[in-house]
Amino acid sequence: MSEQNKTPGLVNWLGYLAITAAAIIPLGVLTVRSGAWQQGLVLYALGCLASAVMLLIGLLFLILPRFALWRAVITRSTLFAIPGTLLLLAQLSGSGDYPAIHDITTDTADPPAFVTAQEKRSKEANSLDIDPEVIASQKEAYPDIKTLHSKQPIEQVFDRALATAQKLGWEVYHKNLNTGVIEAVDTTAIMSFKDDVVIRLRTNAQGTLVDLRSISRVGRGDIGANAKRIREFTKAFRHSETRGTSE
């Protein structure tokens with residue numbers, strides 16, 4: 001190969017760095033899963049950000065006349081940067097304007113208490129204590145998160161609540177009809193973050209009240225994950241109740 005046609009060092013480095021950035025992303029995920037979640041999230045973010053930078057540089061190289069002879073090589077290199085860039089865009093688009101809280105409940109006046117969750121959590125996990133400032137932030141950010149009401153007897157509602165939790169993929173580790181409490185853990189798909197959920201059932205003259213509380217084991221903010229989990233339960237529970245009534 002002549003010196004004139006030799007691939008420029010900048011093009012070669014673009015490929016090396018794009019591949020490195022792509023490799024950092026799964027390394028970050030594995031680091032989070034190993035328990036070093038803070039370091040893992042930093043690696044994951046760096047990998048995604050570096051991928052986006054490499055993609056932009058690659059696109060710049062493609063339009064510059066001086067690199068016209070090596071556009072095929074540049075295109076192959078930038079392909080490694082696309083997954084990380086897409087992950088970064090998905091993260092940015094889904095971040096929204098969420099408060100920095102990780103504990104959400106349907107009953108802000110009297111949040112359900114966990115019974116056995118502490119046994120499942122490490123000493124470094126977030127506290128299960130109620131924080132009045134968190135309650136105030138939740139009221140402002142998630143006014144739709146409310147107690148579920150059912151006209152059915154508590155025994156029937158308990159079974160539906162348990163079935164709903166299991167259908168959503170939660171791992172139930174405590175259930176007691178006598179106390180009206182169900183506890184479970186929900187594990188996120190990619191990072192394997194674990195969030196604990198307690199479901200509390202109580203009766204009144206109109207039927208049965210169902211309250212939930214979902215709290216993340218690590219992290220200050222949850223980017224709306226716990227509120228989303230409660231909304232998903234509410235939707236699935238109401239659907240199962242409606243279906244059961246029509247049968």
Side-chain angles (χ1 to χ4, degrees), residues 9-63 73-104 120-128 131 133-134 137-138 140-142 168-171 185-197 214-232:
L10 286 175
V11 174
N12 286 330
W13 274 105
L14 172 67
Y16 302 151
L17 293 176
I19 293 172
T20 301
I24 289 175
I25 295 172
L27 177 62
V29 173
L30 292 174
T31 303
V32 170
R33 289 186 170 219
S34 71
W37 64 273
Q38 292 175 312
Q39 297 89 333
L41 287 180
V42 170
L43 284 174
Y44 183 84
L46 286 175
C48 292
L49 181 59
S51 293
V53 172
M54 291 304 105
L55 181 60
L56 290 175
I57 293 175
L59 294 175
L60 177 62
F61 282 4
L62 287 173
I63 63 176
V73 178
I74 295 170
T75 300
R76 288 195 296 269
S77 297
T78 54
L79 289 176
F80 289 99
I82 291 177
T85 303
L86 293 177
L87 289 172
L88 178 63
L89 292 175
Q91 190 68 23
L92 292 176
S93 64
S95 59
D97 186 19
Y98 298 108
I101 58 178
H102 56 263
D103 186 359
I104 305 296
K120 305 289 183 178
R121 300 159 68 92
S122 67
K123 294 181 180 179
E124 294 77 24
N126 290 323
S127 173
L128 294 174
D131 186 340
E133 292 185 3
V134 171
S137 296
Q138 180 196 318
E140 183 178 352
Y142 309 113
L168 291 173
W170 303 355
E171 179 189 345
V185 61
D186 187 22
T187 305
T188 61
I190 298 177
M191 296 295 186
S192 288
F193 285 126
K194 294 184 181 296
D195 299 337
D196 291 291
V197 186
S214 180
I215 179 170
S216 303
R217 292 186 181 181
V218 298
R220 183 184 177 192
D222 63 4
I223 320 178
N226 287 294
K228 180 182 178 182
R229 180 175 298 110
I230 292 177
R231 290 188 183 115
E232 289 176 345

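Residues Pro83 and Ile25 have side chains not in contact (no heavy-atom distance under 4.5 Å, counting atoms from C-beta outward). Within the 4.5 Å cutoff, the side chain of Leu14 has heavy atoms near those of the Met54 side chain. Side-chain contact between Leu59 and Thr78 is absent, with no heavy-atom pair separated by less than 4.5 Å. Between Asp103 and Asp131, the closest side-chain pair of non-hydrogen atoms is not below 4.5 Å. Side-chain atoms of Tyr142 and Asn226, non-hydrogen and from C-beta on, never get closer than 4.5 Å to each other. Using a 4.5 Å heavy-atom threshold, the side chains of Ile223 and Gln91 count as touching. Counting heavy atoms from C-beta outward, Arg33 and Val29 have side chains that approach closer than 4.5 Å. Taking the side chain as every heavy atom from C-beta outward, Gln138 and Ile101 approach each other to under 4.5 Å.
Ion pairing between Arg229 and Asp195 holds under the 4.0 Å rule for side-chain N and carboxylate O.
In this structure, Ile57 CD1 and Leu10 CG are separated by 9.0 Å, a value rounded to the nearest 0.5 Å. Going from atom CD1 of Ile24 over to atom SG of Cys48 covers 10.0 Å, rounded to the nearest 0.5 Å. To the nearest 0.5 Å, atom OG1 of residue Thr31 and atom CG of residue Leu43 are 5.0 Å apart. Atom OG of Ser51 sits about 10.5 Å away from atom CG of Leu17, to the nearest 0.5 Å. Once rounded to the nearest 0.5 Å, the distance linking CG of Leu49 with CG of Leu87 reads 12.5 Å. Rounding to the nearest 0.5 Å places CG of Leu88 at 4.5 Å from CG of Leu92.
Using modelled atom types and a 3.5 Å distance limit, the side chains of Asn126 and Ser216 yield no donor-acceptor pair.
Checked against ring pair (Phe, Tyr, Trp, His ring centres under 6.0 Å), Phe61 has the following partners two or more places apart in sequence or in another chain: Phe67. Shown here are the salt bridge (charged side-chain N to carboxylate O under 4.0 Å, His left out) partners of Arg231, two or more places apart in sequence or in another chain: Asp144.
The environment of CD in Glu232 is crowded: more than 12 heavy-atom neighbours from other residues, nucleotides or ligands sit within 6.0 Å.
Pairing each heavy atom of Met191 with each of Val32, the nearest pair is O-CG1, 3.5 Å.
Side chain of Arg217 to main chain of Lys120: a donor-acceptor pair is present (N/O by atom type, distance under 3.5 Å, no hydrogens or angles). A donor-acceptor contact shorter than 3.5 Å links the side chain of Thr188 to the backbone of Phe193.
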**Request:** Give the C-alpha distance, both sets of side-chain angles, the deciding distance and a yes or no for side chain to side chain contact (heavy atoms under 4.5 Å, CB included) between Ile104 and Asp222.
**Result:** CA-CA 10 Å; Ile104 305 296; Asp222 63 4; 4.3 Å; yes
